Enquirer: 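Before I ask anything, here is the structure I am working with.
Sequence positions, counted from 1, serve as the residue numbers for this chain. Owing to the predicted nature of the structure, the values given are computational and were not obtained by experimental measurement.
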Amino acid sequence: MFAALLRFVITVAAIPLCAEFMDGVHLLDMHNAIVAGAILAVIFTVLRPIMRLILSVLNFCTLGLIYIAADAWIVWTAAHYVQNSVAFESYWWALAVAVAINAARTLVDALFGDLRR
């Protein structure tokens, strides 16, 4: 339970933190960025497993790259869903944020011994 809460908090904090440390990600409003992070965390918790189930055949064919592209699309969409939250210079910066979020979530899973997911 604590690991799930920690993954949720890390996902919420990822957008403002990535905007601070990545040149192509621009923070427009901190409050709206946190709201976008919360929406992203809900999407990652609820819809992402369903999306991964649907894309599992394509994942085999693309050696896992479809999951990364889909996660970047989720980050891009969540940031654009909340007006004046975060601006990405290109899709590649959304991809970099998605990779950072996945790395942080994997680290939490490794710390709590839940890498089977």
Side-chain angles (χ1 to χ4, degrees):
M1 181 66 183
F2 182 71
L5 181 63
L6 189 58
R7 275 192 304 273
F8 188 85
V9 169
I10 284 175
T11 307
V12 169
I15 289 183
L17 286 175
C18 287
E20 181 71 28
F21 295 110
M22 293 182 179
D23 292 333
V25 183
H26 304 289
L27 183 67
L28 303 176
D29 182 28
M30 178 62 90
H31 181 266
N32 288 345
I34 291 173
V35 170
I39 290 171
L40 181 65
V42 169
I43 291 172
F44 263 58
T45 304
V46 177
L47 296 178
R48 186 173 174 226
I50 297 167
M51 180 190 68
R52 286 193 169 216
L53 180 66
I54 293 169
L55 293 175
S56 62
V57 173
L58 286 175
N59 183 46
F60 178 75
C61 296
T62 63
L63 302 175
L65 294 177
I66 193 74
Y67 283 170
I68 296 170
D71 287 346
W73 179 78
I74 290 171
V75 169
W76 181 278
T77 303
H80 283 90
Y81 184 70
V82 179
Q83 296 294 325
N84 296 327
S85 60
V86 176
F88 297 107
E89 286 185 8
S90 67
Y91 177 78
W92 297 107
W93 286 107
L95 184 87
V97 171
V99 168
I101 290 171
N102 282 325
R105 291 173 65 98
T106 302
L107 183 64
V108 169
D109 288 342
L111 288 174
F112 287 96
D114 194 23
L115 283 177
R116 293 173 292 151
R117 298 178 346 104

Enquirer: As an exercise, state the distance from CD1 of Ile15 to CE of Met30, rounded to the nearest 0.5 Å.
Expert: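 The distance works out to 11.5 Å.
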
Enquirer: Who else is in the cluster with Leu53 when I, L, V, M, F, W and Y are joined by side-chain contacts under 4.5 Å?
Expert: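 Its cluster mates, by chain and number: none.
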
Enquirer: Going by side-chain contact (heavy atoms from CB on, under 4.5 Å), name the residues that satisfy it together with Ile68, two or more places apart in sequence or in a different chain.
Expert: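 Applying side-chain contact (heavy atoms from CB on, under 4.5 Å) to Ile68 gives Leu65, Leu95, Val99.
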
Enquirer: What is the minimum heavy-atom distance between Thr45 and Ala41, and which atoms define it?
Expert: OG1-O, 2.7 Å

Enquirer: For residues Tyr91 and Ala69, report the shortest heavy-atom separation together with the two atoms involved.
Expert: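 Smallest interatomic distance, heavy atoms only, reads OH-O, 2.8 Å.
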
Enquirer: Are Trp73 and Trp92 in one and the same hydrophobic cluster, where Ile, Leu, Val, Met, Phe, Trp and Tyr link if side-chain heavy atoms are under 4.5 Å apart?
Expert: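 Trp73 and Trp92: separate clusters.
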
Enquirer: With rounding to the nearest 0.5 angstrom, report the OG1 to CD1 distance, Thr11 to Ile43.
Expert: 11.0 Å

Enquirer: With distance as the sole test, does Asn59 use its side chain to make a donor-acceptor pair with the main-chain N or O of Ile66 at under 3.5 Å?
Expert: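 Not at all, since once roles are kept as given, no pair shorter than 3.5 Å links the two residues.
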
Enquirer: Say you draw a straight line from OG1 of Thr106 to CD1 of Ile101; how long is it, rounded to the nearest 0.5 Å?
Expert: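 Between Thr106 OG1 and Ile101 CD1, I get 11.5 Å after rounding to 0.5 Å.
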
Enquirer: Please write out which residues are connected to Leu28 in a hydrophobic cluster, directly or through intermediates, given that two of Ile, Leu, Val, Met, Phe, Trp, Tyr count as joined at side-chain heavy-atom separations below 4.5 angstrom.
Expert: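 Taking Ile, Leu, Val, Met, Phe, Trp and Tyr as members, Leu28 stands alone, with no cluster partners.
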
Enquirer: Kindly assign one of parallel, tilted or perpendicular to the pair His80 and Phe88, based on the angle between their ring planes and the thresholds 30° and 60°.
Expert: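 Aromatic pair His80/Phe88 classed tilted.
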
Enquirer: Look only at the side chain of Tyr81 and the backbone of Leu40, and say whether a donor-acceptor pair between them is shorter than 3.5 Å.
Expert: no

Enquirer: Can you give me the closest heavy-atom contact between Ala33 and Pro16, atom names plus distance?
Expert: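 So the minimum-distance heavy-atom pair works out to CB-CG, 4.2 Å.
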
Enquirer: Please tell me whether Val57 and Leu63 are part of a single hydrophobic cluster in this structure, the criterion being side-chain heavy atoms less than 4.5 Å apart.
Expert: no

Enquirer: Drop me the distance from Ile50's CD1 to Leu55's CG, to the nearest 0.5 angstrom.
Expert: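 Answer rounded to 0.5 Å: 12.0 Å.
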
Enquirer: Using side chain to side chain donor-acceptor pair (under 3.5 Å) as the criterion, list what pairs up with Ser85, not counting sequence neighbours.
Expert: none

Enquirer: Answer with yes or no whether the hydrophobic clustering places Met51 together with Leu47; edges join I, L, V, M, F, W, Y residues whose side-chain heavy atoms lie under 4.5 Å apart.
Expert: yes

Enquirer: To the nearest 0.5 Å, what is the distance between OG1 on Thr77 and CD1 on Ile39?
Expert: 11.5 Å

Enquirer: Shortest non-hydrogen contact from Ile10 to Ala104?
Expert: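 Scanning both residues completely, I find the closest heavy atoms to be CG2-CB, 3.5 Å.
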
Enquirer: When you group the ILVMFWY residues by side-chain heavy-atom contacts below 4.5 Å and let the links chain together, are Leu17 and Ile74 in the same group?
Expert: no

Enquirer: Could you tell me whether the side chain of Arg48 reaches within less than 4.5 Å of the side chain of Asp71, counting heavy atoms only?
Expert: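 Side chain of Asp71 against side chain of Arg48, heavy atoms only: contact under 4.5 Å found.
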
Enquirer: Listed by chain and number, what are the side chain to side chain donor-acceptor pair (under 3.5 Å) partners of Asn84, not counting sequence neighbours?
Expert: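 In terms of side chain to side chain donor-acceptor pair (under 3.5 Å), with neighbours along the sequence ignored, Asn84 is linked to no residue.
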
Enquirer: Quick one, Arg7 with Asp109, criterion side-chain contact (heavy atoms from CB on, under 4.5 Å). Give me CA distance, side-chain angles, the key distance, then yes/no.
Expert: CA-CA 8 Å; Arg7 275 192 304 273; Asp109 288 342; 2.6 Å; yes

Enquirer: For the side chain of Tyr67 and the backbone of Arg52, is there at least one donor-acceptor N/O pair under 3.5 Å apart?
Expert: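 Confirmed, Tyr67 side chain pairs with Arg52 backbone.
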
Enquirer: Locate the shortest heavy-atom distance separating Val108 from Ala3; write the atom from each residue and the value.
Expert: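 Answer, listing the atom of Val108 first, then Ala3: CG1-O, 3.8 Å.
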
Enquirer: Considering non-hydrogen atoms only, spot the tightest contact between Val97 and Cys18 and give its length.
Expert: CG2-CB, 3.8 Å

Enquirer: Apply side-chain contact (heavy atoms from CB on, under 4.5 Å) to the pair Arg105 and Phe44, showing each step before the final yes or no.
Expert: CA-CA 10 Å; Arg105 291 173 65 98; Phe44 263 58; 3.8 Å; yes

Enquirer: Could you list all the ring-ring contact (aromatic ring centres under 6.0 Å, His included) pairs where at least one residue sits in residues 2-34, not counting sequence neighbours?
Expert: Phe2-Phe112

